[in-house]
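Reviewing the structure listed below.
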Amino acid sequence: MAYAYPNQRCIVVPGPHLIDLQSVIPSPIGFRPGYFGVVNPSLRPTVPQFEFFVPVNPAAVAPFGFTVNPAILIRMDEERTQSLLQFMVQEGLVPSAEDEITRKEVIAKLKQIVLAWIKKVAWQRRFPRRLIMSTSATIVTYGSYGLGVHGSESDIDALCVGPSFATMNEDFFIVLRNMLKNRPEVSEIHCVKDAKVPLMRFKFNGISVDLPYAQLKVNSVPDNVDILNPFLLRNIDDTSWKSLSGVRANTRILQLVSNTENFQAMLRCLKLWAKRRGVYGNLHGFLGGVHLAVLAAYVCQLLPNASVNSLISKFFETFALWPWPTPVILQDEMASVVVDVNEVRSFIPIMLPCSSREYCHSNITKSTFNRIRSELLRGHAMTRDLLRPLFEWSTLFEHFHYTKKYARFVRIFLSASDQDELGDWVGWVKSRFRCLILKLEEVQGLCDPNPTEYVDPDVADPNVVFYWGLQPGRSSFRDIDYVEEDFIKNIINHGFQGPRGIIELSIVEASELSKIVKIDSGSLKESKACWRMPEYNRQMKPVYSQYLPHYFVGYVANSEDTSARG
């Protein structure tokens, strides 16, 4: 039981664990309300208040032999939250006001360009002037920027949403691309057509933008389009559905969490934790941004009024002890659960909170599942005790020590003749990494695919090197040539059409590795998988409108040179 001091607004709780009292304790007869402040993660002066209930019984003695004044726990929780927020600022997790203004200007200009684009397309269709003036298209953001958890170096994930008459192949990839290419703010524009979600990738005022496209079965898409409206989703094609999936998930997540600022602060911290501990990156079989967003939202639903410190602690407690592969499903009255047997068999099934249930795409394997779970258990052990002395957030977020854990590594060396070709080659190879992980599990047991990208300074050509830890205690595996041959066949047989770079697999000892590169303090380089032909090597051909005879639309590369992967 707990005791309330009416005048001092403090409580006594049985044990060191901080809980969200409003979430777990009802308010039956004999309880009286109390209030205390919660630290605002935005660092603004406003301090919200919320209500909690405690029973008016005599004080209880904690299991460790003394009564704990709840004011101490509240103060410690506030101090931990405040220190975490300061740690976030020191680590550069929160972008500056100037950076935020720049990103908003990029989105605003993209909306203007897209609006001009759709009117141009309508004119090419010979629509009446009235329809040309009334039609519109828009830009909606998603990903880390859409959730408000982006950093100063993060890309902007933006979706172009257009009406039914604007096609992807001609109007999006040719007309809009040419309009963007002619803008002085736009550089390094590439079309990634053969990805699961086709998109254009470019830099706008120096900020990287990923821009996929979705067609709705309407004549005009307003700027404030309700992307969750089931009427707008009827009869759309599969590509548009996939493009809209991330936007719909983001929108619904933000609707389902009661305290957006706490959710955002928590998610920023979880992404840093996952990167520092080497368990972030879907291509390597770890957690991606959408996985962490849903898991964070789940905890926020469990403890809607908890502090950021309490949310982080609850996150590790919840998922370290989670009965995987039980799916994680947010409480969402709008959605009906449809179980996909194939996904439930995955190691960490996580459902997207959409009107029609979908699972987050996952590349998690047995090896990476074990790594993720071990890190969750570590986080739980470090954060579960509020009264732990000398607690430092930096310890939770310290880099994973690969050379202390593993004695042997698989070295994956990738190189190409120039930097553009290297980016294409590395992006394609990374998209097939899951096959390599499964092969290593087959011949070696468990492996740890460290996502960090390194460079060998002793090699003249542009290169990227990965070092993956091999299961301790199993040193018999030496036939890496067989694994390399199998992996190269997998790369070639799945449609890679660009200039093939060099790939070499070898086994190195940790003692040898420490002399070459320090891998325990590297920062994760979040390069996205992409394959495309360099601009100068494309055979350009003119394209004319199907709807307006002799009207020149733009140039497009020959079909054999336009394949791209993401």
Side-chain angles (χ1 to χ4, degrees), residues 17-25 34-53 70 73-95 100 142-151 154 249-274 287 289-319 328 330-332 350 353 376 379-380 382-384 386 391 393 396-397:
H17 300 295
L18 181 64
I19 58 176
D20 178 18
L21 295 171
Q22 187 179 14
S23 299
V24 299
I25 301 180
Y35 294 84
F36 67 90
V38 184
V39 177
N40 189 337
S42 67
L43 304 181
R44 297 172 184 169
T46 305
V47 180
Q49 303 288 316
F50 64 84
E51 183 177 7
F52 66 98
F53 296 90
L73 298 179
I74 293 171
R75 185 173 67 252
M76 293 184 69
D77 179 53
E78 291 176 343
E79 289 176 353
R80 272 201 188 181
T81 299
Q82 188 62 37
S83 66
L84 178 59
L85 298 176
Q86 292 173 352
F87 177 82
M88 291 170 58
V89 173
Q90 293 170 1
E91 293 295 324
L93 300 184
V94 182
E100 291 284 22
Y142 64 105
S144 61
Y145 183 76
L147 287 173
V149 297
H150 57 287
S154 300
N250 272 28
T251 303
R252 194 68 189 129
I253 286 173
L254 293 176
Q255 291 177 352
L256 292 174
V257 295
S258 58
N259 189 322
T260 303
E261 291 181 341
N262 278 8
F263 164 76
Q264 291 170 332
M266 176 192 184
L267 185 52
R268 286 184 192 275
C269 293
L270 292 178
K271 291 180 71 173
L272 178 66
W273 161 79
L287 299 169
V290 66
H291 303 103
L292 289 174
V294 176
L295 296 181
Y298 183 89
V299 175
C300 288
Q301 287 189 327
L302 290 179
L303 305 180
N305 300 310
S307 66
V308 181
N309 169 63
S310 299
L311 290 172
I312 294 289
S313 176
K314 188 64 176 178
F315 170 86
F316 288 114
E317 175 190 349
T318 300
F319 297 114
V328 178
L330 295 182
Q331 299 176 18
D332 186 357
I350 301 172
L376 290 170
H380 177 43
M382 297 183 67
T383 60
R384 64 184 175 183
L386 185 63
F391 176 82
W393 285 109
L396 176 68
F397 296 102

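This chain uses plain numbering: 1 for the first residue, then up along the sequence. Quick caveat: nothing in here was measured; it's all calculated off a predicted structure.
In this structure, the separation between CZ on Phe397 and CG on Leu93 is 8.0 Å, given to the nearest 0.5 Å. Rounded to the nearest 0.5 Å, atoms OH (Tyr142) and OG1 (Thr251) are 12.0 Å apart. Remark: Thr383 OG1 to Arg80 CZ distance equals 7.5 Å, nearest 0.5 Å. One distance of note links NE2 of His150 with CD of Glu100; it measures 3.5 Å at 0.5 Å rounding. With rounding to the nearest 0.5 Å, the separation of CG in Leu292 from OG in Ser144 is 12.0 Å. The CD1 atom of Ile312 sits 9.0 Å away from atom CG of Leu267, with the distance rounded to the nearest 0.5 Å.
The salt bridge (Lys or Arg N to Asp or Glu O under 4.0 Å) test applied to Glu91 returns Arg276, not counting sequence neighbours.
Under the 3.5 Å distance criterion, the side-chain polar atoms of Gln331 are left unmatched by any main-chain donor or acceptor of Gln301. Under the 3.5 Å distance criterion, the side-chain polar atoms of Ser154 are matched with a main-chain donor or acceptor of Gly151. Looking at Arg384, its side chain never comes within 3.5 Å of a backbone N or O of Phe316 through a donor-acceptor pair. Judged by distance alone, with hydrogens and angles left aside, the side-chain atoms of Asp332 form no donor-acceptor pair with the main-chain N or O of Leu256 at under 3.5 Å. Between the side chain of Asn262 and the backbone N or O of Ser307 there is no donor-acceptor pair closer than 3.5 Å.
Between Glu317 and Lys314 there is a salt bridge, with a side-chain nitrogen of the basic residue lying less than 4.0 Å from a carboxylate oxygen of the acidic one.
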